[in-house]
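Just below is one structure, and these are the notes that go with it.
Proteins come first, then strands; the chains are lettered A, B, ... in the order of their sequence lines, and each starts at number 1. This structure is a prediction, so every number in the text was calculated from the model and none was measured. What you see below is based on every heavy atom in this structure, not just the backbone, and it leaves out hydrogens, waters and symmetry mates.
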Amino acid sequence: MAKRILITSALPYINGIKHLGNLVGSMLTADVFARFNRARGHETLFLCATDEHGSTTELAALEAGQEVVTFCAEQHAAQADVCRRFGLSFDHFGRSSNPPNHRLTQHFARMLWKNGHLELRSTKQIYSNADQRFLPDRYVIGTCPHCGYPAARGDQCENCTRVLDPADLIEPRSAISGSSDLEIRDSTHLFLKQSQFVPQLREWIGSKKDWPVLVTSIANKWLDEGLHDRGITRDVAWGVPVPDDIGDGKLKGKVFYVWFDAPIEYIGAAWEWAEANGKGDEWKRWWLGEAARDVTYYEFMGKDNIPFHTVGFPVTILGVRPQEDWKLVDYLKGFNYINYYGGKFSTSQKRGVFMDTALEILPADYWRYYLIANAPEGSDSNFTWDHFAGVVNKDLADVLGNFVNRITRFCASRFDGRVPGEGEYGPEEHALIEELQRRVQTYAEHFEAIEFRKASAELRAIWAAGNEYLTRTAPWTAIKTDRPGAAAAVRMGLNLVHTFSHLAWPIIPTAARTIHETIQPVAGGGDLIPWPEAPMAEELDQLEAGQPIRAPEVLFAKITDEQIAEWTARFCGEE
RNA sequence: GGCAGCGUAGCUCAGUGGUAGAGCAGGGGAAUCAUAAUCCCUUGGUCGGGGGUUCAAAUCCCUCCGCUGCUACCA
């Protein structure tokens, strides 16, 4: 029965191309899950967008010597391009700075204001006269009052790790201009009264028995420590403006905090999708009220994002009830981090591998397979070039690629490159069919449970079962004495190739298509290779006798020791 | 400092009360269709240390050690 599946990936921040850790923790895993659901025939809406607002963007644009609007437009285009080349199949890749998010963010704020969940509070903010702007805490630097470290940031001292208040710093100065002409000014802000929602949130989180421990433990930690009310406006220029009818007109010139508007862009992206595709109000069907009741909503993100999705965004949604009933997340998949040789991937230090440079080196499917098979689900995982090359060479080149190659070439040389029709399936074939029936079921169950490592391991086992079968039946030997027997084995082998393509498509879509085309063209345009839903006895006996096949070029070239050495040197980082 | 997660074979990781597992790497063998690719067998671990509960603990409890992350105005 077709289901309706809404999937959002955590929004990549606009500031630069993302690294492999960002990719696997949100966009890629969400993509594989989206493809799996589409392949099974479920109505799927997969959304992502760039998260563009905030002081970090303003300062990055400043550094790049660009207007913020230009900077964001260029960065968005660059990210959209690299995502497309990675095969990320967003139904829409939006922008948090686009009009739908402005409208929605202001709408949610008005509703929260009307429902009494927002209040005005006066706060002390650091203002830099030289920069003519308020400074976020981390952009005030000075000497740490605890350890004397001279370059401590206003939020936390990197040296002694203590949490600081910028007012505590000795000789504070602006991180932007270096100016020490700073003053403390009063500034009025809107606060979201999150503390009122603790019982509701606790009950909601408590009901999610199937969420990863990582997710519920982080959520419960925040609830146990007592939720602080959170300021949802900022004294910056680049963001969604606070409308005049909120806060008694005392918030002129202020914008909403990026973490308030960014999750709302999940809804905004659906609106953008509808506008871009002439679908009118259809986006509401996915998000709002009774029409969205049968939608199951999945979120994917790295662990740093979990508090905002288990507390912040849910409060926004709960706070506009009962008037409006927007979708709360049904399943939240959180990921740990990938480390690079024991250290963190770092955008600022250019340490590690980034999406654009990854594609300069190897096709997307190499990365997709490796990252999915080693997704940091249980704990942080560690990327090394040796490990990467080992997995790619063994699993993709040797087990899968070589399987396709050996059977198609044998068919080409001994059966005229056509699916042989002679011979009948016997005990070996029936045993294989039974095994695959079981394994494919398990593989699907791992996907449904959103367990990527386990799914990948099962897929690999399915490929290996093909190799084991060929070894047992040995058509290259059988052909000398039992041509029909050899023919049946080859026919089975080709059916396996075809089925492998369908099974692998969610993870390695491009290679899956190439593999499929060794047997026959992909039906219906080729944007989707559906799940093999029929019993394996049918799936593995569906190729027409006499149908021509074509042995492929090398599907997956092996990574050489020289390449490993070169890449290790090239990507060692700047330390 | 507080909190959380993790610690299982050389490596990457499954395994939450009932005789320690997988893949890779290592060793032996088979096969020769294939990208020297495959298949079979196999070496290898007092499950971070210690203590406790239990007929039985990798699994539950306590404690210590180590690693990682979070700690709310960077996102």
Side-chain angles (χ1 to χ4, degrees), chain A residues 10-15 51 53-57 59 123 125-126 134-140 153-156 160-163 165-166 189 194 212-214 217-218 220-222 224-225 227-236 257-259 262 302-308 311-312 336-337 339 342 344 373-374 377-384 386-387 390-391 393-399 401-414 451 453-454 456-457 460-461 464 466-472 474-477 479 486 489-490 493 551-558:
Chain A
L11 307 187
Y13 198 59
I14 189 69
N15 187 10
D51 172 17
H53 295 135
S55 52
T56 305
T57 308
L59 298 172
T123 63
Q125 301 286 307
I126 306 289
F134 285 95
L135 297 178
D137 290 358
R138 70 175 338 212
Y139 287 102
V140 182
R153 295 194 323 221
D155 55 345
Q156 185 172 29
C160 66
T161 75
R162 275 188 227 244
V163 175
D165 186 289
H189 284 288
Q194 295 190 131
V213 176
L214 178 72
S217 66
I218 289 175
N220 282 322
K221 189 201 106 185
W222 278 54
D224 290 345
E225 290 181 356
L227 270 191
H228 301 192
D229 295 338
R230 179 184 273 276
I232 61 160
T233 51
R234 289 293 182 276
D235 290 297
V236 301
Y257 177 37
V258 59
W259 262 114
K303 60 185 169 185
D304 52 331
N305 273 316
I306 291 171
F308 302 101
V311 174
N336 289 283
Y337 296 143
N339 292 316
K344 289 168 82 169
N374 294 282
E377 291 176 311
S379 60
D380 291 353
S381 68
N382 194 26
F383 178 92
T384 65
D386 278 332
H387 188 239
V391 169
N393 286 350
K394 191 67 185 175
D395 293 3
L396 290 183
D398 295 348
V399 176
N402 184 55
F403 175 81
V404 175
N405 197 42
R406 67 195 295 210
I407 190 64
T408 51
R409 283 189 187 282
F410 186 72
C411 174
S413 64
R414 308 307 290 271
E451 296 265 12
R453 279 174 178 268
K454 290 178 182 173
S456 304
R460 193 201 125 94
N467 281 313
E468 291 163 24
Y469 166 79
L470 285 190
T471 298
R472 283 196 304 270
W476 48 89
T477 303
I479 197 166
V490 169
E553 302 304 311
V554 168
L555 283 168
F556 301 99
K558 291 223 214 186

Return the polar atom pairs (N/O with N/O) between nucleotides 2-6 of chain B and the protein under 3.5 Å, or none.
unit_1 : atom_1 : unit_2   : atom_2 : d
B:rA4  : O2'    : A:Ser217 : OG     : 3.4

Atom pairs, protein N/O to nucleotides 35-41 of chain B N/O, distance under 3.5 Å:
unit_1 : atom_1 : unit_2   : atom_2 : d
B:rU35 : N3     : A:Phe556 : O      : 2.7
B:rU35 : O4     : A:Phe556 : N      : 3.0
B:rU35 : O4     : A:Phe556 : O      : 3.3
B:rA37 : OP1    : A:Lys558 : NZ     : 3.1
B:rA37 : O5'    : A:Lys558 : NZ     : 2.9
B:rA37 : O2'    : A:Asp398 : O      : 3.2
B:rA37 : O2'    : A:Asn402 : ND2    : 2.4
B:rU38 : OP1    : A:Lys394 : NZ     : 2.8
B:rU38 : O2'    : A:Arg406 : NH1    : 3.1
B:rC39 : O4'    : A:Thr471 : OG1    : 3.1

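Residue A:Lys454 places at least one side-chain N or O under 4.0 Å from the OP1 or OP2 atom of B:rG15. Phosphate proximity of B:rG23 to A:Arg460: absent, as no side-chain N or O sits under 4.0 Å from OP1 or OP2. Residue A:Arg453 places none of its side-chain N or O atoms closer than 4.0 Å to OP1 or OP2 of B:rU12.
The pairing partner recorded for B:rG7 is B:rC65, the criterion being a Watson-Crick or G-U wobble arrangement whose two distances lie under 3.5 angstrom. Judged by Watson-Crick or G-U wobble contacts below 3.5 Å, the nucleotide B:rC47 has no partner. In this structure, B:rG26 and B:rU42 make a Watson-Crick or G-U wobble pair, each of the two defining distances being under 3.5 angstrom. With both pairing distances under 3.5 Å, B:rA56 is matched to nothing as a Watson-Crick or G-U wobble pair. If you check B:rG2 for Watson-Crick or wobble pairing at under 3.5 angstrom, you find it paired to B:rC70.
Between A:Asp386 atom CG and B:rG10 atom C1' there is a gap of 13 Å when expressed in whole angstrom units. Taking atom CD1 of residue A:Ile306 and atom P of nucleotide B:rA75, one finds them 18 Å apart after rounding to whole Å. Here B:rC73 presents its C1' atom at 8 Å from CZ of A:Arg230, a figure rounded to the nearest Å. Taking atom CZ on A:Phe308 and atom C1' on B:rU71, their separation rounds to 11 Å, with Å as the unit. One interatomic measurement links the two molecules: OH of A:Tyr139 to P of B:rC73, which rounds to 15 Å at whole-angstrom precision. Separating the CD1 atom of A:Ile407 from the P atom of B:rU32 is a distance of 15 Å, rounded to the nearest angstrom. Here the P atom of nucleotide B:rU68 and the OH atom of A:Tyr337 are 14 Å apart, to the nearest Å. To the nearest angstrom, C1' of B:rU12 lies 14 Å from CD of A:Glu377.
Nucleotides B:rA9 and B:rC33 have their C1' atoms positioned 35 Å apart, rounded to a whole Å. Nucleotides B:rC11 and B:rG18 have their P atoms positioned 27 Å apart, rounded to a whole Å. Rounded to the nearest Å, the gap between the C1' atom of B:rA58 and that of B:rG26 is 26 Å. Rounded to whole Å, the separation between the C1' atoms of B:rC39 and B:rA34 comes to 13 Å. Rounded to the nearest Å, the gap between the C1' atom of B:rG44 and that of B:rC24 is 14 Å. Across B:rU43 and B:rG28, the matching P atoms stand 14 Å from one another, rounded to whole Å. Comparing the same atom, P, in B:rC67 and in B:rG27 gives a spacing of 34 Å after rounding to whole Å. Spacing of P atoms, B:rU59 relative to B:rU54, comes out at 16 Å, to the nearest Å.
Closest contact between the side chain of A:Trp476 and the listed nucleotides B:rC74, B:rC33, B:rA75 involves B:rC33. Of all nucleotides listed (B:rA75, B:rA72, B:rC73), B:rA75 comes nearest to the side chain of A:Trp259.
A:Asp229 places a side-chain N or O within 3.5 Å of a backbone atom of A:Gln194 that can act as its donor or acceptor partner. The closest donor-acceptor contact from the side chain of A:His53 to the backbone of A:Val258 lies at 3.5 Å or more, if one exists at all. Although no hydrogens or angles enter the test, the distance criterion places no donor-acceptor pair under 3.5 Å between the side chain of A:Tyr337 and the main chain of A:Lys303.
B:rC33 has no stacking from A:Phe410 on its base ring, since the centres under 5.5 angstrom apart and planes within 30 degrees of parallel are not both found.
The structure places CD1 of A:Ile407 at 10.0 Å from CG of A:Asn467, a figure rounded to the nearest 0.5 Å.
Taking the salt bridge (Lys or Arg N to Asp or Glu O under 4.0 Å) definition, one finds that A:Arg414 meets it with nothing, sequence neighbours left out.
For the pair A:Arg414 and A:His228, nearest-nucleotide mapping onto RNA chain B gives the more 5' position to A:Arg414.
Between the side chains of A:Asn402 and A:Arg406, no donor-acceptor pair is found at a separation under 3.5 Å.
In terms of heavy-atom proximity, A:Leu470 sits nearest to A:Phe403 at CD1-CE1, 3.6 Å. Taking both residues in full, the closest heavy atoms of A:Ala486 and A:Pro475 are given as CB-O, 3.6 Å, listed atom of the first, atom of the second, then distance.
Side-chain contact check for A:Asn374 versus A:Arg453: some heavy-atom pair is nearer than 4.5 Å.
Using cut-offs of 30° and 60° for the angle between ring planes, the A:Phe410 and A:Trp476 rings count as perpendicular.
Within 4.0 Å of A:Asp51, counting heavy atoms only, lie sugar-phosphate atoms of the nucleic acid but no base atom. Counting non-hydrogen atoms under 4.0 angstrom, A:Ser381 reaches the backbone sugars and phosphates but no base.
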Would you check, one step at a time, whether the test side-chain contact (heavy atoms from CB on, under 4.5 Å) holds for A:Asn405 with A:Phe556? CA-CA 10 Å; A:Asn405 197 42; A:Phe556 301 99; over 6 Å; no
Would A:Tyr139 and A:Ile126 satisfy side-chain contact (heavy atoms from CB on, under 4.5 Å), going step by step from the backbone distance to the final call? CA-CA 10 Å; A:Tyr139 287 102; A:Ile126 306 289; over 6 Å; no
